[in-house]
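Below is one structure, written out as structure tokens; the observations come after it.
First the proteins, then the strands, lettered A, B, ... as listed; each starts at 1. Values in this document were obtained by computation on a predicted structure and should not be read as measured data.
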Amino acid sequence: MSVLVFTESLTGKIKKSALEAISYGYQVAQQQGTSCIALTIGQAEGADDLGKYGVDKVLQVSQVNGFDSQVYANIISQVAQQVGATLVVFSHSSSGKSIAGRVAVRLDAGLVSAATTLLNGDTVNKNLFSGKGIATYSISTAVKIVTISANTFPPKEVSGNSVAPEAASANIPTAKIRVKETTTVEGIVPLPEADLVVSAGRGMKGPENWGMVEDLAAILGATTACSRPVADIHWRPHHEHVGQTGVAIKPTLYIAIGISGAIQHLAGVNQSKTIVVINKDPEAPFFKAADYGIVGDLFDVVPKLTAAIKSFKANN
Amino acid sequence: MKILVCVSQTPDTTSKIQFANGNTELDKAGIQFIMNPYDEWYALVRALELKEANAGSTVTLLHVGAAANEPTIRKGLAIGADDAIRVDAEATSSYFVAKQIAANAQGFDVVFFGKETIDYNGSEVPAMVAELLDLPFVSYGSKMSTSGNVATIERDIEGGKETVEVDFPFVLSCAKGMAEQRIPNMQGIMMSKRKPVKVVPAVAVNNTVAIKTYSLPPVKAGVKMISPDNVEELVKLLHNEAKVL
Ligand SMILES: Cc1cc2nc3c(=O)[nH]c(=O)nc-3n(C[C@H](O)[C@H](O)[C@H](O)COP(=O)(O)OP(=O)(O)OC[C@H]3O[C@@H](n4cnc5c(N)ncnc54)[C@H](O)[C@@H]3O)c2cc1C
Ligand SMILES: Nc1ncnc2c1ncn2[C@@H]1O[C@H](COP(=O)(O)O)[C@@H](O)[C@H]1O
């Protein structure tokens, strides 16, 4: 018996969400009294450090280039069988979501995606209806699969052990998907993984005013986001659009500036731990979903807030 | 080209969510059901564009759900699909749905999905179907062009994009950007009434997961208002109380 964690990389580096998956797998393995095994596929910078997060073993299949869910699912299923995995853990990320369903079919395993609690026996929780409900699932199969909700299980360093990665033996099928190009925005934490997010809406009046949003984000080390109309009218790039039709996020801090808080916007952000709303309209619906609110003109409040955080950071 | 589009229906986002029967099921009273937006706006419309670019093609809808869901299928036909298959069963789990889709998806050149349903937010069904059909799967597509037997697709990844090439047949899930929403016109609505909907029985499936209970999320403590002239207070609260700074 063991817990197998698919430890994913993006452009060759192990992702933060993969460390969250390992912490999840480690905690379940501890509870079950079994071992936690990490599997990396392709180039995986950072694999040497995984021992810190509690894994007992790191297996690698490095001779794979480019992402093809069919190839990955095949390899992961082989390794899961070799190590007698009773639980396979994935991040709820673009690749994790693309593979988990395939592995579930291959291993006859029950799958629950975007889990928000540790697997306890055969039960696990997840959020439904964009956070408006919670379901407790039971998984009735011998092998269980979960993908875990992002920013929910913080990576924890639990040991000083170093674990040397070993090559796993697996047949590698031929890819049918040919990856031509992978581009990621450099130097910023991608929105789904961001801990801190500063987001702005139509209240900004125009793209030329975004400097103050970026200043606030910079002093916080936050990622910037926006409401849908702002992306639709090209004030901001599409990948910043959060909400029901955009990216769903779950940061520890979400600062919403000049956003009214329409239900479709809230659907993608209402699971943030702490929500701060800055809006000149005291009736803006967003205040009902907020933890802290400021009624005021954003052009006045935002630069003041940036300055206050700057001086807080200088003194702490 | 034979094109299949899998469509689901979900509560409208603005619905108030409550549970019934000792928290074991969704309380459907007062809920307005709609076609899942990703299926309607992106998967179906891009499928229709593909049909329009390839003379002699057909677009078939596939829905797993009870007879009460017919309006969702009719809407898809009104937007432009040629015909539909309805598997006559409650969709009890992703795996159940995937098995029904796979049983009816033979012989198509491409199977379109939305990227996820907005109710159970699973993003599980398309990958399962791809595996059951032993086909390549391109997820979260936001742009597609085709040339002969090859499709070039841009897909969303965390903080970026990936461009891939794949040969037909394949399974595709669609995200924002793939197409622009189409509103059914009067002629489409009239024609949809005469388009064939084939009703087929479900294949037997052993469910691998089940929902034991539902609950509502804890209510927020309520918003703390801070004066715009005292942003320092907000910084203090974020540090001491929320502990996010
Ligand atoms: C099916 C569907 C899906 C959708 N999906 C999404 C989605 O994924 N994401 C999304 O964001 N939206 C989505 N929407 C749109 C959504 O309903 C709202 O229209 C949108 O979120 C509004 O954006 P906004 O808050 O930026 O703009 P507005 O609603 O115009 O609000 C601007 C706010 O700024 C405030 N303001 C103006 N000037 C100032 C100032 N000087 N100082 C302080 N405050 C100021 C105003 O009081 C107002 O509250 C969707 C809609 C539909 C129908
Ligand atoms: N009951 C259903 N009938 C047909 N297609 C479905 C059904 N449920 C889900 N799908 C398809 O699978 C996609 C992903 O659903 P999910 O895995 O539930 O998030 C949806 O966008 C639909 O294209």
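A 4.5 Å side-chain heavy-atom check between B:Ile211 and A:Thr136 finds every atom pair outside the cut-off. Residues B:Arg155 and A:Ser94 have side chains in contact (heavy-atom distance under 4.5 Å, counting atoms from C-beta outward). Proximity of B:Met128 to A:Leu111: side-chain heavy atoms (C-beta onward) are separated by under 4.5 Å at one or more points.
Between chain A and the options B:Leu238, B:Asn230, B:Leu135, B:Thr152, the largest number of non-hydrogen pairs under 4.5 Å is found for B:Leu135. With respect to chain B, the highest number of heavy-atom pairs below 4.5 Å among A:Glu193, A:His241, A:Lys313 belongs to A:His241. Among B:Ser215, B:Ser227, B:Gly160, the residue making the largest number of heavy-atom pairs under 4.5 Å with chain A is B:Ser215. Most heavy-atom pairs under 4.5 Å with chain A: of the set B:Val231, B:Val164, B:Val223, this distinction falls to B:Val223. For chain A, the option among B:Pro126, B:Ala127, B:Ser94 with the highest count of heavy-atom pairs below 4.5 Å is B:Ala127. By number of non-hydrogen pairs under 4.5 angstrom with chain A, the leading residue of B:Glu232, B:Lys243, B:His239 is B:His239. Of all the listed residues (B:Asp134, B:Ile153, B:Asn206), the one sharing the greatest number of non-hydrogen pairs under 4.5 Å with chain A is B:Asp134.
Remark: B:Asp167 does not engage A:Lys176 in a salt bridge, criterion side-chain N to carboxylate O under 4.0 Å. Classification of A:Lys132 and B:Asp119 as a salt-bridged pair fails, no side-chain N sitting under 4.0 Å from a carboxylate O.
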* Give the C-alpha distance, both sets of side-chain angles, the deciding distance and a yes or no for side-chain hydrogen bond (donor to acceptor under 3.5 Å, both in side chains) between B:Lys161 and A:His239. => CA-CA 9 Å; B:Lys161 296 257 176 231; A:His239 65 78; over 6 Å; no
* Are A:Thr182 and B:Glu162 close enough, and set up right, to give a side-chain hydrogen bond (donor to acceptor under 3.5 Å, both in side chains), and what steps lead you there? -> CA-CA 4 Å; A:Thr182 306; B:Glu162 185 165 88; 3.1 Å; yes
* **Steps toward side chain to side chain contact (heavy atoms under 4.5 Å, CB included) verdict (B:Ser15, A:Phe129)** => CA-CA 9 Å; B:Ser15 308; A:Phe129 309 109; over 6 Å; no
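When all heavy atoms of B:Ala242 and A:Lys273 are compared, the closest pair comes out as O-NZ, 3.4 Å. Considering every non-hydrogen atom in both B:Thr14 and A:Gln264, the closest pair reads CG2-NE2, 4.4 Å.
Of the atoms belonging to B:Tyr120, heavy atoms from both backbone and side chain fall under 4.5 Å from chain A.
In this structure a side-chain-to-backbone donor-acceptor pair under 3.5 Å is present from B:Glu124 to A:Ser113.
Annotation: ring pair (Phe, Tyr, Trp, His ring centres under 6.0 Å) contacts of B:Phe19 (sequence neighbours excluded): B:Tyr214.
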